[in-house]
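Data first, discussion second: the structure below is written as structure tokens.
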Amino acid sequence: MTDIAKGPAPAAAPTGSPMVRFDQVTKSYGAFVVLDQLELDVAAGEKVAIIGPSGSGKTTVLRMLMTLEPINGGVIWVDGEPLTSMRRNGALVPADARHLRRMRGKIGMVFQHFNLFPHMTALKNCMEAPCTVLGLSKAESEARGRELLVMVGLGDKLQHYPAQLSGGQQQRVAIARALAMRPKVMLFDEVTSALDPELVGEVLNVIRKLGAELDLTMLMVTHQMGFAKEFADRVCFFYGGKICEQGPPAKLFGSPENERTRQFLRAVLEAT
Amino acid sequence: MKFWDWPFTFEILPMLAWASLVTLEATILGFAIAAVLGLAFAIGRMFGPAWLSVPLAGFIEFIRSTPLLIQIFFLFFVFPEFGISLPAMTAGVMALGLHYATYCSEVYRAGLANIARGQWEACTALNLTAFHTFRDVIIPQAIPPIVPALGNYFVALFKDTPLLSAIAVLELMQTAKIIGSDNFRYTEPITIVGLIFLIFSLAAAGLIRLVEMRLNRRIRRA
């Protein structure tokens, strides 16, 4: 399975290209279509919140972007280059391992269940990839890991193992670990969903800080409507594998146009 | 004739002690092969391309389903027909290692299969190569839980070393047989060999528990 578009392949990057572009991207599991001809542009530095009911394909958007899921049609462009295919003699062919690794280097991802390496300390978790992938020396990657852990407020937990940390602390380590690779695009996949309510705030504060201090493009799947409203530049409401409605948070939360969006927001509001 | 002859016992003890070193050598070398090859088998079978994983699965089943003694004989007596003559000890260690590698590979398989999908995904997201994913993330987590199972095979391999007496490796059993036939007394040598195996097995079991505790400590720490 590739992301080569059916029909004539676009031979050149889209002009004035955004940081991330989904160009008619389709994803299906057998007969079940998860995402149907998705079109989505995200500008550099833009913060996009993705909301929607479960099964609407929102997590799949991030997973495809991180190359964790192959796509069945269309092209994903990142930083002006196709993600899982590459140009050869003017046509798009499936990407080789080298291209994939180069493209993945532009993207970082934070997962719902943290996925920290349990046998490594917080600091080692942040050093592993800079050491082995970027080829940084042990001292350099340690300095980088230390700096990032301090930034997420865990300067006193460097030598702690994940099992010794609370969920909120683990998720902050995971954010530091992803940032250590200096990605251009950060993906947050329901990063507060597995946390106890009193720990959500500390993780969201870290994300706010990243938004304020770093020039990152962010895509986040979230159920924290309040956070999406305050933090995102744009909110996309997914329904049935399509973007049902999108716009600035004030517009989407304040006066949604689509009946499905209204229904969803009403249901979420009732639950909180 | 006495049932148990103490002077004779002390006379043969040094020979048996010496032979026990050969047994230990065969055990350690054999298990080193089994541990490394078993991991390679497991990875090849689980993650290799079809042209590798399918024949490998067949090969593993074949080795597991045929007696170790036949494999020892095959390496020692049949390989020379193909121009590969191996010293008895080498052939024996290779057969032990190969045989137990197939068992160990099943254990590794269980260990590898138990790694949560999220760990693999984190490795992809961090752009780790396959080599670093396995070496730094997957294998260090897959091994501690399976140390007891691997340890069982270590002891089992140790207890199978007397089979090497069939190709005249001078390990414990072969030495005891020689002592017995030279002196027409089997009670002492065979009993002592049994006791040596018992002591070593118990010691090995204790050692495995220690390793297990050490390896698991880091992850259990909470």
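Computed from a predicted structure; not experimentally measured. Throughout, a chain's letter reflects where its sequence line sits, starting with A, and its residues are numbered from 1. Basis for what follows: all heavy atoms, side chains included, without hydrogens, waters or symmetry-related copies.
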- Message: Has Q71(B) got a side-chain atom pairing as donor or acceptor with I63(B)'s backbone, closer than 3.5 angstrom?
- Response: yes
- Any donor and acceptor pair, going by atom type alone, linking the side chain of H99(A) with main-chain N or O of T84(A) inside 3.5 Å? no
- Message: With a 4.5 angstrom heavy-atom cut-off, is it the side chain or the backbone of I107(A) that approaches chain B, or both, or neither?
- Response: backbone
- Compare every heavy atom of K157(A) with every heavy atom of A122(A), then report the nearest pair and how far apart it is. CB-O, 3.5 Å
- Item | Residue-level contacts of residues 126-146 of chain A with chain B, using a heavy-atom cutoff under 4.5 Å | E128(A), A129(A), T132(A), V133(A)
- Message: According to salt bridge (charged side-chain N to carboxylate O under 4.0 Å, His left out), who are the partners of R177(A), at least two apart in sequence or on a separate chain?
- Response: none
- Message: Is it the case that the ring center of F31(B) lies less than 6.0 angstrom away from the ring center of F158(B)?
- Response: no
- Message: Parallel, tilted or perpendicular: which one describes the rings of W120(B) and F47(B), with boundaries at 30° and 60°?
- Response: tilted
- Task: Please confirm whether the backbone N or O of F231(A) pairs with a side-chain atom of K47(A), one donor and one acceptor, at under 3.5 Å?
- Result: no
- Query: Which bit of F111(A) comes within less than 4.5 Å of chain B, counting heavy atoms only: side chain, backbone, both or neither?
  - Reply: side chain
- Query: If we only count heavy atoms from C-beta on, is the M19(A) to D79(A) side-chain gap below 4.5 Å?
  - Reply: yes
- Task: Can you tell which part of M181(A) gets under 4.5 Å to a heavy atom of chain B, answering side chain, backbone, both or neither?
- Result: side chain
- Item | Residue among R63(A), M66(A), R101(A), Q112(A) with most heavy-atom pairs under 4.5 Å to chain B | R101(A)
